[in-house]
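What follows is one structure encoded as structure tokens, with my remarks underneath.
Quantities reported herein were computed from a predicted structural model and do not represent experimental measurements.
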Amino acid sequence: MPREPPIVLPVLLSQLRLANPWALLLAKEEGYPLSTASLLSERYAMKSDEKPFARELLGRKPNLWVFRCDQRRFAGDFVVVDMAEPRPARRQVVVLDLKMGAPLVLGGGGAGVQLTHAQDAVEGVAARKGVIAPGTPYMLATGDKDVILAWLRE
């Protein structure tokens, strides 16, 4: 039985210049054959305002690490980790689901089922050595790209 792809993949500013960085990440970091990685990469594809959101966030806040969530797993759009805190267990973590034109809603309201498996995404980040500790608390947030960017800049 084929293995499930990772629930999150790291987003780097340099990758956002590429049309499909996910296939390369899945092949290089996860060891998938390139043909399989290309098929799986559509799970991480960014639509509408997601790529500009990630580009602006990473460009303005270098202390934030961003992870793209597998869009078939109902874990939100992104997991954002504030790496300014040196202790992984104390880092602030937010699972985001972007909603065009929507106000900021903390706690996951307005996301429908899109944040059902947010905990799995956070655990996926925790599985990456040195990023966050297992069991690190997290927040849920939904809203328009610009509203979320303004909130994250505070």
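Criterion: ILVMFWY side-chain heavy atoms under 4.5 Å apart, direct or through other members. Under it, Met139 and Val131 are not part of a common hydrophobic cluster. The same ILVMFWY cluster, assembled from side-chain heavy atoms under 4.5 Å apart, contains both Val11 and Val80. Following chains of ILVMFWY side-chain contacts shorter than 4.5 Å, one cannot reach Val79 starting from Val105, and the two form parts of different hydrophobic clusters. Connection of Phe53 to Leu104 is established within a shared hydrophobic cluster, with ILVMFWY side chains joined at heavy-atom distances below 4.5 Å, either directly or through further cluster members. Cluster membership for Leu106 and Tyr138, using ILVMFWY side-chain heavy atoms within less than 4.5 angstrom, is not shared.
Residues Leu24 and Ser41 fail the side-chain proximity criterion, which asks for heavy atoms closer than 4.5 Å.
For the atom pair Thr136 OG1 and Arg87 CZ, the distance stands at 12.0 Å (nearest 0.5 Å). Remark: Ile7 CD1 to Tyr44 OH distance equals 8.5 Å, nearest 0.5 Å. In this structure, CG on Asn20 lies 9.5 Å from CG on Leu25, to the nearest 0.5 angstrom. Between the NZ atom of Lys61 and the CG atom of Leu57 there is a distance of 8.5 Å, given to the nearest 0.5 Å. Taking CG of Leu40 as the start and CZ of Arg3 as the end, the distance is 9.0 Å to the nearest 0.5 Å. The CZ atom of Arg60 lies 4.0 Å from the CD atom of Glu56; values are rounded to the nearest 0.5 Å.
The two residues Val66 and Phe78 come nearest to each other via the heavy atoms CG1-CD2, 3.5 Å. When all heavy atoms of Pro88 and Gly130 are compared, the closest pair comes out as CG-O, 4.0 Å. Nearest heavy-atom pair, Val94 versus Ala141, reported as atom, atom and distance to 0.1 Å: CG1-CB, 4.1 Å. The shortest non-hydrogen separation linking Asp82 to Leu64 is CA-CD2, 3.6 Å. The minimum heavy-atom distance between Ala37 and Ala27, with the atom names listed, is CB-N, 3.9 Å. Contact record, Val95 with Ala118: CG1-CB, 3.8 Å, taken as the closest heavy-atom pair.
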* Between Asp77 and Glu50, does a side-chain contact (heavy atoms from CB on, under 4.5 Å) hold up when you go through it step by step? -> CA-CA 8 Å; Asp77 291 326; Glu50 294 169 342; 3.4 Å; yes

* Candidate pair Val93 and Phe67, rule side-chain contact (heavy atoms from CB on, under 4.5 Å), full reasoning -> CA-CA 11 Å; Val93 180; Phe67 297 84; over 6 Å; no

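Residue pairs meeting the salt bridge (charged side-chain N to carboxylate O under 4.0 Å, His left out) criterion with at least one member in residues 98-120, sequence neighbours excluded, are Asp97-Lys99. Identified under the salt bridge (charged side-chain N to carboxylate O under 4.0 Å, His left out) test for residues 18-29, with sequence neighbours left out: Glu29-Arg128.
With sequence neighbours left out, the side chain to side chain contact (heavy atoms under 4.5 Å, CB included) criterion links Leu12 to Ser14, Gln15. In this structure, Arg17 has no salt bridge (charged side-chain N to carboxylate O under 4.0 Å, His left out) partners at least two apart in sequence or on a different chain. A search for salt bridge (charged side-chain N to carboxylate O under 4.0 Å, His left out) contacts involving Arg43 returns Glu4, Asp70, not counting sequence neighbours.
Counting only distance, with no hydrogens or angles, the side chain of Arg68 and the backbone of Leu9 share no donor-acceptor pair below 3.5 Å. Judged by distance alone, the side chain of Arg91 and the main-chain N or O of Ala84 form no donor-acceptor pair under 3.5 Å.
Counting heavy atoms of neighbouring residues, nucleotides and ligands inside a 6.0 Å radius, atom CD of Gln92 does not exceed 12 of them.
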Show me, pair by pair, the donor-acceptor contacts under 3.5 angstrom made by side chains of residues 142-151, not counting sequence neighbours?
| residue | atom | partner | partner atom | Å |
| --- | --- | --- | --- | --- |
| Thr142 | OG1 | Gly109 | O | 2.8 |
| Asp144 | OD1 | Gly101 | N | 2.8 |
| Asp144 | OD2 | Asp146 | N | 3.1 |

